[in-house]
Amino acid sequence: MELPKHYDSKEAEPKWQNYWVKEKIFAFDPDSDKKIFSVDTPPPTVSGKMHIGHAFMYSQMDFIARYKRMNGFNLFYPFGTDDNGLATERLIEKMKGVKGSKMDRSEFAKLCLDTLEKELRPEYLADWKRIGISCDWNIFYTTLDEHSQRISQRMFLDLVKQKRVERKFSPITFCPVCQTAIAQVEMEDVEKTTELVYVKGKVETGEFIIYATTRPELHPSCVGVSIDEAGDYVSVGLENGEKWIISKDACETMQEEFGFKVLETYKGKKIVGKKVDIAFAPLPVPITHDISVKTEYGTGVVYYCTYGGLDCVEWMARHTDVEAINIMDFTGRYCVGPYKGMHSDEARKGAVEDLEKQNFLVKKESMDHTSNVHERCGTPIEYVATEQWFIKYLDLKKDFLKRGNELKWYPAHMKNRYDNWIKGLQWDWCISRQRFSGIPFPVWYDKEGTPIFADEKDLPVDPLKDLPKGYKKGEVVGEKDVIDTWATSSLTPQLAAELFKDKPVFKKLLPMDLRPQAHDIITFWLFNTVVRSHLHDNRLPWKDVMISGWALDPRGKKMSKSKGDVVEPQKVIEQYSADGLRFWSAASKLGDDLAYQEKDLVTGEKFITKLWNASKFALMHLEDYSGKKPKQLEAVDAWILSRMSSIVKSATASFEKYEYSKARAELDVFFWHDFCDQYLEIVKDRLYNPDVRGKAERESAQYALYETLLAVLKLMAPIMPHITEEIYHLFFASKEKCKSIHISSWPTLDMVDAKSDALGALAVFAVTQARKAKTEKNLSLKEPIVSLALKGKVSKKDFETIKDDIMAATKAEEIVYDVLDSKSEIDYESDVQI
RNA sequence: GGGCCCAUGGUUUAGCGGCUAUAACGUCGCCCUUACAAGGCGAAUGUCACCGGUUCAAUUCCGGUUGGGCCCACCA
């Protein structure tokens, strides 16, 4: 058999991708008895093109999927897209020139679904197909369609039944200029200089407690003052007779400026409970202890307003007996106190002036800090309290930690991030969003404002259009808020599995076997999914999680559009190949970030070329291969089969632990050096010249060649699915009677043999020494060797079994072999006479 | 500030108690060798970040320092 001179990945890759679809190679068989391996593929957001990070992570996921498939598993390997988020919404608004908020909700949702289905998704998915992801593309879901809406709403109702959801007042981030609620992704950090003002609060003892703030305009909503009960505080006396309370740390920095005398030092605990009159606040507030207070910041005293920022929100969560004074409403203006009707800037000026006039101001200083602004208009965000839906789960932290321990983490250290996150959790999970599109809450309110929940049978519902059973128009008001996208995408195992709800196989799909994902979303996506599965089904969503790293720019930093160093996978594939891209993705250890280096793609391409050429050589000599195992295996053939067997064993072990990179590296070295450089060169003579070397000797080589090349192809198939399929089809497919290497059986070669290893190593040594001698004399490798003296630790009798092969490979005219003492420090010795 | 990861020839990396520290890219020299010049053979290049400790023995284990990366919190 003669292979074409070159392998053309541009032609071959799409060809095989089409073949796999046409032949249903990756189709899940719901009726099969084979063991299922299920993958909870994280659905990417359709917000443009697939980026290199996606290509990196999804390739790594696919290595495992393909490995499992070859190990006889019936793969449940769905693909979904997360179309529920803001990014998609924005993209469609831009494309269609519409404003979602000005449209009817269900009309906008329909527009989104249509645009996604007809225009965006096919092109987007083509990128995934082009890197050779072996999902069953018929098992597809979108987090926005009826199927997902029904499940998401049903799960919400399930939580209602369990009394795990509640509606309560809570602040949301809000842009006072755009007058809209904004999500975290819409905010950006801005570094700016602000004025930090130090203010006096009158304590019931007659002393003043000093606190610093950048938001003095919030004074009318001050609800508390906190200190650190374990920290050191001091009372100091000023010349004018005033006594101030500040932390000991603050005292040291302020003493010079104010020239006060320290009267008393004590622990913060001493002043806890004392009442303080705060300027413009309606009521005196007690001094409390709070864990967030550090004596080394400011004056070691913090005042909390509702709401000045996330710190205030968290403080409120810890001080549940305190009632909030909501100082701002959705007009973006203050609604209580002396600055009623004003925006923040105006109010701040007024507040500083008033504090100064009324002698509450201690000092002003400027400071730099980062604050959150709305990325669209640059306005600093505000916090406005409104009613929100929450999933109550803070009481379950221990259970979540336990679930984390039950989960098998690859790599193991990634669990730390999960644990760390849970330990720091202070809020319940707010699942409502004041956005115009998304999955609606299945909730209405009656005239008293009591929620009415939809009947599960009627799902999905849109409460802005539909009515609850037994109510007429005008009797109820539908919930306008939508369910947060994470509250739906935390249900991906259910979204995928329920596509088979009516089949018996459904029971076997959950929990899933594997969740692959990158490390940046452990704290929300992974965690949220564990939470939902725990709450709804009292079990883990999956058995294993495989955490990928990130693709970084060539200097090891995050790629960014503004720096212009974004690598587009589409271009990489264009220039190199999908197999090359995947080979690169397999270069980093699971969980490790990988800096993009173009040379790695070149290495992959070279591997492809080498594999092609080596196969060309092998298949040329296998044309007349009988397929039978020879009675007598030549020593060098036994050696390569032994080495191959070792590689099969360790590569298999590596894949089992999701360590595809180790498998790749080992196979790479074996294939290139042991197989191509050494074995093929040694065995060449026997293959070409059976008349001289013997027919049986050639058949032995054919057997080794067949088995080894096939094993190499199969081990490499998960990582480079196209080139391996191409070669497989040129020869092996018909022999093995199998439609695709990807559903062929994983190699189980079990021919490890220590004696063969020793003989092979000696042969390799001899060949290497001969090459070295010729190279040193600047001679061609074809140059004959007059005499080759060789010493080793194998017996003379055993040496005879490799002697002819060595003579042929080195072009030695004579070989003299001696046995070294078994205690000798060196293993081999040689003397080459040319 | 809290947490996690990382530090090995010019670059990217393997090894994670004991061989002369692995390989690729790059560099240099040689070679058309019946698969491959998009190749082959060979060579040079490393106080394994720094300082201590444990050990007969440390690149490997422990503690600290420095430098990088990421996630979270951002601060009165």
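- Atom-to-atom distance recorded for A:K777:NZ and A:I834:CD1 is 4.5 Å, nearest 0.5 angstrom.
- Base engagement by A:A614 is indicated by at least one non-hydrogen atom pair under 4.0 Å involving a base atom.
- Considering only the side chain of A:T523, B:rC71 comes nearest among B:rC5, B:rU33, B:rC71.
- Comparing the same atom, P, in B:rU20 and in B:rC30 gives a spacing of 33 Å after rounding to whole Å.
- The two residues A:S661 and A:S588 make their nearest non-hydrogen contact at CB-O, 3.4 Å.
- With both ends at atom P, the span from B:rG15 to B:rG52 equals 28 Å, rounded to whole Å.
- No side-chain donor-acceptor contact under 3.5 Å links A:E726 and A:Y7.
- As rounded to whole Å, 14 Å separates atom C1' of B:rA37 from atom CG of A:L781.
- For A:K200 and A:F360, the positive end is not near the middle of the six-membered ring at less than 6.0 Å and at most 45° from its axis.
- Here B:rA14 is the nucleotide among B:rC70, B:rA14, B:rC30 with the atom lying nearest to any side-chain atom of A:K589.
- Straight-line distance between the P atoms of B:rC36 and B:rU45: roughly 34 Å, to the nearest whole Å.
- Within 4.0 Å (heavy atoms only), A:V293 reaches at least one base atom of the nucleic acid.
- Straight-line distance between the C1' atoms of B:rG64 and B:rG26: roughly 37 Å, to the nearest whole Å.
- Both distances falling under 3.5 Å, in either a Watson-Crick or a G-U wobble arrangement, occur for no nucleotide opposite B:rU47.
- Ranking B:rG2, B:rG42, B:rA23 by closeness to the A:H673 side chain, first place goes to B:rA23.
- Remark: the separation of the C1' atoms in B:rG18 and B:rA58 is 10 Å, to the nearest Å.
- Atoms NZ (A:K599) and P (B:rA23) sit 15 Å apart, rounded to a whole Å.
- A:L196 comes within 4.0 angstrom of the backbone, heavy atoms only, and of no base.
- The nucleotide whose nearest atom lies closest to any side-chain atom of A:N613 is, among B:rC36, B:rU12, B:rC5, B:rC36.
- Following rounding to the nearest Å, A:R417 (CZ) and B:rG69 (C1') show an atom-to-atom distance of 10 Å.
- Comparing B:rU33, B:rA23, B:rA43 by their nearest atom to the side chain of A:K772 picks out B:rA43.
- A distance of about 25 Å separates the C1' atoms of B:rC16 and B:rC25, rounded to the whole Å.
- Nucleic acid contact class of A:D592 (heavy atoms, under 4.0 Å, all strands): none.
- Between the NZ atom of A:K423 and the P atom of B:rG3 there is a distance of 11 Å, given to the nearest Å.
- Regarding A:W612, its CH2 atom lies at a distance of 15 Å from the P atom of B:rA37, rounded to whole Å.
- If you take CG of A:D520 and P of B:rC71, they are 7 Å apart, rounded to a whole angstrom.
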Ring pair (Phe, Tyr, Trp, His ring centres under 6.0 Å) assessment of A:F671 paired with A:F607: CA-CA 9 Å; A:F671 167 71; A:F607 187 91; 5.2 Å; yes
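- Using a 4.0 Å heavy-atom distance criterion, A:W672 is classed as a sugar-phosphate-only contact.
- Distance noted for atom P between B:rA21 and B:rA43: 15 Å (whole Å).
- The listed nucleotides are B:rG40, B:rA24, B:rU11; the one nearest the side chain of A:T603 is B:rA24.
- Looking at heavy-atom distances under 4.0 Å, A:S615 makes no contact with the nucleic acid at all.
- Remark: P of B:rA38 and NZ of A:K5 are 10 Å apart, rounded to the nearest angstrom.
- When the nucleotides B:rG15, B:rG39, B:rG2 are ranked by their closest atom to the side chain of A:K610, B:rG39 comes out on top.
- Nucleotide B:rA38 holds its C1' atom 13 Å from the CD1 atom of A:I723, rounded to whole Å.
- Using a 4.5 Å cut-off on side-chain heavy atoms (C-beta onward), A:L526 and A:V545 make contact.
- B:rA73 and B:rU13: their C1' atoms are spaced 34 Å apart (whole Å).
- Listed nucleotides: B:rG69, B:rA38, B:rC36. Nearest to the side chain of A:H6: B:rA38.
- Checking B:rC71, B:rC36, B:rU34 against every side-chain atom of A:N689, the shortest atom distance belongs to B:rU34.
- For A:N778, counting side-chain heavy atoms from C-beta on, the closest listed nucleotide (B:rA38, B:rC5, B:rC30) is B:rC30.
- No side-chain N or O of A:E659 forms a donor-acceptor pair with one of A:S654 less than 3.5 Å apart.
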